[in-house]
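Just so you know, ligand 1 is whichever comes first in the structure, and atom 1 is the first atom listed for that ligand.
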Amino acid sequence: MIALKTEAELEVVAENAQLLARILGELAAAVRPGVTTAELDRRAEERIRAAGAEPAFKGYHGYPAALCASVNDEIVHGIPSDRRLREGDIVSLDLGLKRGGYYADAALTVGVGRIAPEAERLLAVARGALREAIRAAKVGGYSSDLSHAIGTYVERHGFFVVREFVGHGIGRELHEDPQIPNFGEPGQGIVLREGMVLCPEPMVKGDDLPVRIRSDGWTAVTGSGSLAAHYEEMVVVTAEGPWVVTGWIGEAVCRRKT
Ligand code: MF3
Ligand code: CO
């Protein structure tokens with residue numbers, strides 16, 4: 001059932017992932033007080049099309065933009081708008097593209113100017129959870145090992161995971177099996193094999209209440225208004241271990257800023 005990618009397919013997947021990582025890095029670098037999320041969306045779509053690719057999210061189940069830009073208590077699927085980012089906000093940028101028949105999908109959260117220490121901690125915990133998930137992407141392991149790694153890491157650090165949305169496989173479709181929830185017991189789901197491409201995407205927040213969806217039908221927000229962070233990378237399962245084809249974009253952006 002799960003598509004294993006050949007070497008030739010993985011070359012395309014990796015090229016697309018690297019293109020996406022470059023664009024996301026550029027968007028992250030453009031985040032500053034006064035910028036609107038619609039400006040970031042326009043730039044994202046321009047860069048995607050200039051590279052001969054297509055935005056993956058635009059038109060997906062009717063989603064109206066190339067980029068998802070989720071600010072503060074918005075978790076995922078924030079629709080770009082004329083809202084200006086302000087010093088101290090955090091913004092999650094989630095972007096997808098398709099080229100040569102294959103999808104790429106990644107996300108990261110960045111601070112706008114200086115942010116509160118508790119917000120920095122949230123971002124660091126979400127990045128740490130993604131790191132743990134990727135380490136679990138091993139031949140012979142189980143897809144739920146990634147879920148378990150995310151859930152335990154996040155709760156050990158005093159935050160909560162989003163249970164309503166999941167990570168996923170990726171390839172000729174944006175969302176392929178297996179689903180990768182942000183919590184669960186290890187040793188369940190599917191057995192990981194060489195050539196699988198996975199998108200773990202920890203969504204981390206400060207409360208354990210159910211997620212709410214705004215009246216726009218898309219924007220997912222935390223139940224209490226607590227801040228939320230979201231990181232997603234693409235990892236290929238190989239005999240030599242996890243291959244992060246997006247190149248740790250979230251970590252790279254964080255290092256550049258400090
Ligand atoms: N990264 C998101 C995901 O994996 C994609 C956004 S959904 C969309 O589900 F509808 F906005 F495209
Ligand atoms: Co995704």
**Asked** Is ligand 1 less than 4.0 angstrom away from at least one heavy atom of His61?
**Response** no

**Message:** With respect to the Co ion (ligand 2), please indicate if Cys199 possesses an N, O or S atom at a distance under 2.8 Å.
**Reply:** no

**Request:** Without swapping roles, check the side chain of Asn16 against the backbone of Val13 for a donor-acceptor pair under 3.5 Å.
**Result:** no

**Sub-4.5 Å side-chain heavy-atom contact between Leu123 and Ile115** = yes

**Prompt:** Does any non-hydrogen side-chain atom of Leu130 lie less than 4.5 Å from one of Pro202?
**Reply:** yes

**Message:** I'd like to know if Cys68 contacts ligand 1, where contact means a heavy-atom distance under 4.0 Å to any ligand atom.
**Reply:** yes

**Prompt:** Ion pair present between Glu46 and Arg43, side-chain N to carboxylate O less than 4.0 angstrom?
**Reply:** no

**Item:** Within-shell test, His175 vs ligand 1, heavy atom, strictly < 4.0 Å
**Value:** yes

**Message:** Using 2.8 Å as the threshold, say whether any N, O or S atom from Asp105 sits that close to the Co ion (ligand 2).
**Reply:** yes

**Message:** Between Tyr103 and His168 (judged by ring centroids, cut-off 6.0 Å), do the two rings come close enough to count as a pair?
**Reply:** no

**Message:** Is it the case that ligand 1 has an N or O less than 3.5 angstrom from some N or O of Glu201?
**Reply:** yes

**Prompt:** Any Lys/Arg nitrogen of Arg83 or Glu74 sitting under 4.0 Å from an Asp/Glu carboxylate oxygen of the other?
**Reply:** yes

**Glu194, Glu11, Glu176 screened by salt bridge (Lys or Arg N to Asp or Glu O under 4.0 Å) with Lys5, the one that passes** = Glu176

**Request:** Output yes when the distance from some N or O of ligand 1 to some N or O of Asp94 is under 3.5 Å, and no in every other case.
**Result:** yes

**Whether Trp218 lies under 4.0 Å from ligand 1, heavy atom** = yes

**Prompt:** What atoms of ligand 1 come closer than 4.0 angstrom to any heavy atom of His168?
**Reply:** 4 (O)

**Prompt:** What angle sits at the Co ion (ligand 2) between OE2 of Glu232 and OE2 of Glu201, to 10°?
**Reply:** 90°

**Message:** Show the atoms of ligand 1 that are less than 4.0 angstrom away from any heavy atom in His77.
**Reply:** 6 (C), 7 (S)

**Asked** Can you check whether Leu20 reaches Ile48 side chain to side chain, under 4.5 Å on heavy atoms?
**Response** no

**Complete:** Heavy atoms of Ala228 and Ile90 approach each other most closely as O-CD1, 3.4 Å

**Prompt:** Name of the His168 N, O or S atom nearest the Co ion (ligand 2)?
**Reply:** NE2

**Item:** atom 8 (C) of ligand 1: nearest protein contact (heavy atom, Å)
**Value:** Tyr60 CD2, 4.0 Å

**Message:** Below a 4.0 angstrom heavy-atom separation, can you tell me which part of Phe57, side chain or backbone, both or neither, approaches ligand 1?
**Reply:** both

